[in-house]
Amino acid sequence: MEYNFREIEAKWQQYWAENQTFKAENKSDKPKFFVLDMFPYPSGAGLHVGHPLGYIASDIYARYKRHKGFNVMHPQGYDSFGLPAEQYAIQTGQHPAVTTAANVKTYRKQLDKIGFSFDWSREVRTSDPNYYKWTQWIFIQLFNSWYNKTSDKAEDVSTLVSIFEAEGNETVKAACDDEIEVFSAEDWKNYSEEEKQNILLKYRLTFLSETEVNWCPGLGTVLANDEIVNGVSERGGHAVVRKKMMQWSMRITAYAQRLLDGLGKIDWPQPLKDSQTYWIGRSEGAMVSFNVDGFDAKIDVFTTRPDTVYGVSFMTLAPEHELVSKITTAEQKEAVETYVKATSKRSELERMADVKTISGVFTGAYALHPFTGEKVQIWIGDYVLASYGTGAVMAVPCGDERDYAFANHFGLDIPNIFEGIDISEEACSVKEGVKIANSDFLNGLTYKKAMKTIIYEIEKRGIGYGKINYRLRDAVFSRQRYWGEPFPVYYKNGLPQMIDKEYLPIVLPEVEKYLPTEDGKPPLGNATVWAWDVVKNEVVSNDEINNETIFPLELNTMPGWAGSSQYFNRYMDPQNNEDIFSEEAVNYWQDVDLYIGGSEHATGHLLYSRFWQKFMFDKGIVPVDEYAKKLINQGMITGTSAFVYRIEGENKFVSKGLIGDLKVQPIHADVSFVNGSDELDIDAFKNWRAEYNDAEFITEEDGTFKVGREVEKMSKSKYNVVNPDQICEEYGADSLRLFEMFLGPLEQSKPWKTSGISGVYSFLKKLWKLYIVNGEFSVTDEAPTKDELKTLHKTIKKVEDDIANFSFNTSVSTFMIAVNELTALKCNKRTILEPLAVIIEPYAPHIAEELWNKLGNTTSVSCADFPIFEPEHLVESEKEYPVSFNGKMRFKILLPLDLSKQEIEDIVMAHEKTAAQLQGRTPKKVIIVPGKIINIVG
RNA sequence: GCCUCGAUGGCGGAAUAGGUAGACGCGCUGGAUUCAAAAUCCAGUUCUUUCGGGAGUGUGGGUUCGAUUCCCACUCGAGGUACCA
């Protein structure tokens with residue numbers, strides 16, 4: 001009876017599907033456990049062996065938790081809106097929904113072959129109207145909310161309106177647009193409805209605002225930063241300019257502090273937390289106002305070092321700063337305008353790449369130092385960014401490297417305000433251990449004291465206030481794309497109106513072309529049926545727009561991260577059509593217990609989803625404000641590319657070992673042509689491409705042809721992609737699962753080399769053989785021996801420890817050791833082999849089901865209890881002590897474990913090998929750690 | 001530049017409270033079985049050696065009876081980030 005994985009795996013995959021073995025109920029006496037994977041984008045290329053790595057790990061964990069008595073939810077779905085499908089549509093005219101559906105089908109087939117314990121009844125697809133209905137709904141919730149800094153949470157806009165009606169906006173502390181005019185309750189009452197709506201828009205958590213985008217006139221579209229290479233579009237190399245557009249934004253900045261604080265209570269990888277912390281970029285400092293000499297104007301600056309204010313010798317504004325044109329003197333006008341113009345032409349990327357060049361222009365105007373009253377020059381320089389802080393800095397050249405370089409370059413003053421510090425070569429930017437000098441009342445103070453004192457003074461004199469600033473920007477939420485969620489928004493007199501929940505979803509309209517319109521409108525501008533009828537409450541033809549009852553709908557769509565920001569909660573109750581999920585479901589499942597996915601989402605998906613969760617928490621929709629207790633980043637699996645070497649100028653290939661001094665050109669060969677010994681299947685290579693049909697091959701003496709190997713990213717173009725389907729076909733899903741784990745630690749990146757899989761494959765065959773006697777499946781009911789029990793319990797303990805530490809690679813080794821030992825012991829006993837099948841099940845579920853079934857069980861092994869570890873089986877009476885001399889192990893000695901230190905020392909010192917090692921010397925010291933080691937020093 | 005992670009045989013990796021470095025697997029070498037091959041099984045496989053031993057976890061220091069493990073400095077590699085006032 002052979003181990004026939006093809007038959008076994010097909011049989012159990014069918015069984016699981018038919019019996020819905022992994023369907024999780026929303027009610028259970030068991031404790032809940034929610035295991036989540038980052039759902040995939042279904043690309044046309046299908047899965048390669050790198051993709052399932054995290055899914056296998058989470059599946060092992062989910063299956064283990066089921067054995068431990070948990071009600072486990074392990075769902076899967078598709079992040080099915082996205083650019084590739086849209087680009088394919090532009091090129092071929094195929095509707096993205098059609099290609100996406102086909103890709104999803106391929107993915108599902110591939111995933112099914114690997115034997116995951118997914119609860120497919122909970123599948124979600126972000127591009128499914130029944131799903132994005134709720135993405136639209138959350139958008140509306142955000143629109144109807146404002147952030148009250150006093151209660152420190154999001155509240156309904158109605159509470160804001162009540163305040164406006166009672167006392168105007170002066171007392172309101174809100175996260176809102178800058179520069180909102182102060183109005184009284186009386187003013188509010190007198191405002192027109194339109195004026196009121198315009199004001200409210202400045203407070204809403206999602207709002208319209210003018211934002212700068214990378215506009216590419218050549219392509220008629222907006223580009224993401226990573227679509228721009230060297231200042232031109234990646235596709236086609238067209239010019240890109242900065243352009244302001246009215247777009248939806250999300251007020252994530254309102255949550256900056258809470259997003260930061262929340263990191264303290266979740267068990268996520270430190271590097272990931274660090275990058276979110278850095279991204280949020282909290283800095284403490286002060287806002288200080290500088291009056292402009294001779295103008296009724298002031299420059300506000302944010303500074304983290306208000307304690308160095310006496311070191312200010314000039315100011316620098318961003319070239320885009322609104323005051324620039326106002327304060328520039330006639331003499332400087334031309335120079336300033338030229339500089340401003342030159343800057344606007346440089347893309348942000350160019351400005352960033354060019355760190356070395358120092359440039360700037362004097363405006364001719366002066367600011368008045370708020371403490372000394374001295375006149376300081378006002379410059380503009382492109383090292384100051386309009387988008388951070390106030391777009392202006394107070395320059396303290398002695399304390400800031402960039403200010404120092406700028407001052408040096410333009411010959412500006414560099415006053416020293418640090419006690420006993422030499423600043424003739426470089427600025428001094430350290431805070432600790434430096435005392436302030438030449439600064440009036442700050443003299444002699446250290447950083448901390450000076451900060452306190454100066455902020456107190458600044459506030460007392462009314463020239464500013466202490467402030468915490470964040471690097472985090474509000475997130476632009478509009479995309480000029482077709483294949484994304486449409487907004488549930490129409491425009492009345494240019495003001496956005498939300499569509500009522502009962503009429504959702506607003507379904508993506510059909511268009512002729514997926515490109516932007518000729519007049520530069522987003523692709524939805526091509527739709528002819530895209531207007532909202534407020535009487536019929538449905539989408540109607542654009543021809544009917546009368547701006548009285550029928551209005552134009554929003555033409556932008558939502559970004560990729562919209563659909564992924566709440567999908568984990570929707571899994572709890574995915575078919576609910578009345579609510580995003582029932583209260584009952586969310587109160588049962590609460591949050592994600594384990595989330596596995598790639599670290600590339602650190603500051604995108606993983607930050608935005610935390611933001612939405614906090615918002616939903618504020619609104620009482622979800623019970624917890626952090627949705628994932630524990631998160632693990634899986635590492636990348638890289639490919640091991642194969643190279644053949646062609647002699648330059650000839651159609652002749654030379655085996656790697658014979659290259660010598662020959663001038664050769666390395667060429668990627670498909671890794672499927674190469675065996676485990678790095679030998680090329682020459683015929684397969686010849687047949688690969690016509691140009692190689694007649695190629696000559698110089699082989700090694702034994703007739704083999706060796707290739708070179710190199711680790712690179714797995715990619716089609718490098719011909720190193722390995723398809724999991726092929727592996728499942730050749731070795732089976734259980735081998736694939738074991739091998740992916742066996743490669744190395746989950747969180748590290750590691751290279752894939754298919755040849756290694758034979759190790760886990762023969763392990764499975766050996767495991768199978770344990771249950772076979774004389775070619776037939778059979779186990780005995782004999783009592784187990786001490787050694788057999790020891791192997792079993794050692795394995796139980798190690799595997800449980802490994803799973804707790806997400807160290808799945810070492811579990812596989814442990815299984816191998818167990819099977820090797822049981823084979824050597826010729827163990828064929830049910831009491832050992834039955835629990836063994838359960839322990840292996842999370843890793844190799846198909847073979848485990850088959851063995852369990854053949855042992856006479858009628859239910860799935862996935863429901864079986866995990867064997868209980870009994871430590872008494874591991875108790876030892878003897879220990880083979882390593883005897884070290886000066887820390888180096890020299891020989892071993894077998895001793896009973898109950899000996900005292902003195903007894904051990906006496907035996908060891910009397911040993912002949914000890915005498916040989918010491919060669920007559922007297923040991924200075926003998927260290928004995930009972931049960932561990934003996935070390936003789938001397 | 002900054003932040004983070006990493007570096008152990010020919011290769012992937014193990015050593016989970018500072019205590020036998022190289023578990024387990026691949027590959028390789030030799031042998032058994034076979035007409036032969038596949039498959040399977042057995043033995044060996046860090047380097048070096050005068051076969052006693054000696055050296056050895058990126059480099060250089062330190063702490064310790066003892067360091068892959070802790071501390072300091074550095075080199076190289078991977079990922080992220082970008083003039084953040």
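Chain naming here is simple, since letters A, B, ... match the order of the sequence lines and numbering starts at 1 in each.
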*Asks:* Between protein and nucleotides 39-44 of chain B, what N or O pairs are separated by less than 3.5 Å?
*Replies:*
unit_1 : atom_1 : unit_2  : atom_2 : d
A39(B) : O3'    : K765(A) : NZ     : 3.4
U40(B) : OP1    : K765(A) : NZ     : 3.4

*Asks:* For U20(B), take OP1 and OP2 only and decide whether either is under 4.0 Å from a side-chain N or O of K892(A).
*Replies:*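 Indeed not, no polar side-chain atom of K892(A) lies that close.
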*Asks:* Using a cutoff of under 3.5 Å, can you pull out all pairs of nitrogen or oxygen atoms linking the protein to nucleotides 50-52 of chain B, with atom names and distances?
*Replies:*
none

*Asks:* For residues 929-938 of chain A, pull every pair meeting salt bridge (charged side-chain N to carboxylate O under 4.0 Å, His left out), keeping only residues two or more places apart or in separate chains.
*Replies:* none
*Asks:* Should L263(A) and T277(A) be marked as a side chain to side chain contact (heavy atoms under 4.5 Å, CB included) after you check the CA-CA gap, both sets of side-chain angles, and the distance that decides it?
*Replies:* CA-CA 8 Å; L263(A) 292 173; T277(A) 304; 3.5 Å; yes
*Asks:* Can you tell me how far P in C71(B) sits from the matching atom in A7(B), rounded to whole Å?
*Replies:*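 15 Å, rounded to whole Å.
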*Asks:* Taking salt bridge (charged side-chain N to carboxylate O under 4.0 Å, His left out) as the test, write out the residues that go with D413(A), two or more places apart.
*Replies:* none
*Asks:* Does a donor on one side chain and an acceptor on the other come within less than 3.5 Å for N469(A) and S283(A)?
*Replies:* no
*Asks:* Would you jot down, in residue-number order, the residues of residues 734-742 of chain A having a non-hydrogen atom under 4.0 Å from RNA chain B?
*Replies:*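 F742(A), in order of number.
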*Asks:* For the residue pair F808(A) and F806(A), categorise the inter-ring angle as parallel (less than 30°), tilted (30 to 60°) or perpendicular (more than 60°).
*Replies:* perpendicular
*Asks:* Taking G9(B) as the reference, what is the distance to C28(B) when you measure between their C1' atoms (whole Å, please)?
*Replies:* 12 Å
*Asks:* Pick out the pairs of N or O atoms, protein on one side and nucleotides 28-32 of chain B on the other, that lie under 3.5 Å.
*Replies:*
unit_1 : atom_1 : unit_2  : atom_2 : d
C28(B) : OP1    : S677(A) : OG     : 2.6

*Asks:* What is the minimum heavy-atom distance between T704(A) and S655(A), and which atoms define it?
*Replies:* O-OG, 4.2 Å
*Asks:* I need the CG-P distance between N633(A) and A78(B), as an integer number of Å.
*Replies:*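 Rounded to whole Å, this separation is 20 Å.
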*Asks:* Which pairs with one or both residues in residues 740-760 of chain A pass ring-ring contact (aromatic ring centres under 6.0 Å, His included), sequence neighbours excluded?
*Replies:*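 Residue pairs passing ring-ring contact (aromatic ring centres under 6.0 Å, His included), neighbours aside: F739(A)-W752(A).
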*Asks:* The criterion is salt bridge (charged side-chain N to carboxylate O under 4.0 Å, His left out); which residues satisfy it with D307(A), sequence neighbours excluded?
*Replies:*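 Scan of D307(A) (salt bridge (charged side-chain N to carboxylate O under 4.0 Å, His left out), adjacent residues dropped) gives R305(A).
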*Asks:* So which pairs with a foot in residues 269-288 of chain A pass salt bridge (charged side-chain N to carboxylate O under 4.0 Å, His left out), sequence neighbours left out?
*Replies:*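 Residue pairs passing salt bridge (charged side-chain N to carboxylate O under 4.0 Å, His left out), neighbours aside: R282(A)-E284(A).
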*Asks:* Mind checking whether F290(A) and H369(A) have parallel, tilted or perpendicular rings, split at 30° and 60°?
*Replies:*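 Ring orientation, 0 to 90° scale: perpendicular.
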*Asks:* For nucleotides 3-9 of chain B, list the nitrogen or oxygen atoms of the protein found under 3.5 Å from its nitrogen or oxygen atoms, one pair per line.
*Replies:*
none

*Asks:* Taking pairing as Watson-Crick or G-U wobble with both contacts under 3.5 Å, can you name the mate of G44(B), or confirm there isn't one?
*Replies:*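 Pair assignment: G44(B) / C28(B).
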*Asks:* Can you see if the side chain of N886(A) gets near the phosphate of C65(B) - specifically, an N or O under 4.0 Å from OP1 or OP2?
*Replies:* no
*Asks:* How would you list all residue pairs meeting salt bridge (charged side-chain N to carboxylate O under 4.0 Å, His left out) that involve residues 809-823 of chain A, not counting sequence neighbours?
*Replies:*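 Sorted pair list: K794(A)-E821(A).
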*Asks:* Under the criterion side-chain hydrogen bond (donor to acceptor under 3.5 Å, both in side chains), I'd like the reasoning laid out for S599(A) against N633(A): C-alpha separation, chi angles, the key distance, then a yes or no.
*Replies:* CA-CA 5 Å; S599(A) 59; N633(A) 288 131; 4.9 Å; no
*Asks:* If you measure only the distance, is there a donor-acceptor pair under 3.5 Å linking the side chains of S813(A) and T810(A)?
*Replies:*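 The criterion, which ignores hydrogens and geometry beyond distance, is not satisfied for T810(A) and S813(A).
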*Asks:* Below 4.0 angstrom, N of the basic side chain to O of the carboxylate: do K790(A) and E876(A) qualify?
*Replies:*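 Salt bridge between K790(A) and E876(A), a charged N being under 4.0 Å from a carboxylate O: yes.
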*Asks:* Flag the pair P397(A) / F314(A) as yes when at least one side-chain heavy-atom distance between them is below 4.5 Å, and no otherwise.
*Replies:*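 SC-SC contact between P397(A) and F314(A) confirmed.
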*Asks:* Look for any protein N or O under 3.5 Å of an N or O in nucleotides 53-59 of chain B and output each such pair with its distance, or none.
*Replies:*
unit_1 : atom_1 : unit_2  : atom_2 : d
G54(B) : OP2    : R890(A) : NH1    : 3.1
G56(B) : N7     : K888(A) : NZ     : 3.3

*Asks:* Tell me yes or no: between the side chains of K766(A) and N820(A), is some donor less than 3.5 Å from an acceptor?
*Replies:* yes
*Asks:* Is it the case that T253(A) and D474(A) place a side-chain donor and acceptor less than 3.5 Å from each other?
*Replies:*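 A donor-acceptor contact under 3.5 Å links the two side chains.
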*Asks:* Mind checking who A67(B) pairs with, Watson-Crick or G-U wobble, both distances under 3.5 Å?
*Replies:*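 Pairing partner, where one exists within any strand: none, as none qualifies.
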*Asks:* For S641(A) and E712(A), which I'm curious about, is there any donor-acceptor pair between the side chains at under 3.5 Å?
*Replies:* yes
*Asks:* Could you tell me how far apart L743(A) (CG) and C11(B) (P) are, to the nearest whole angstrom?
*Replies:* 16 Å
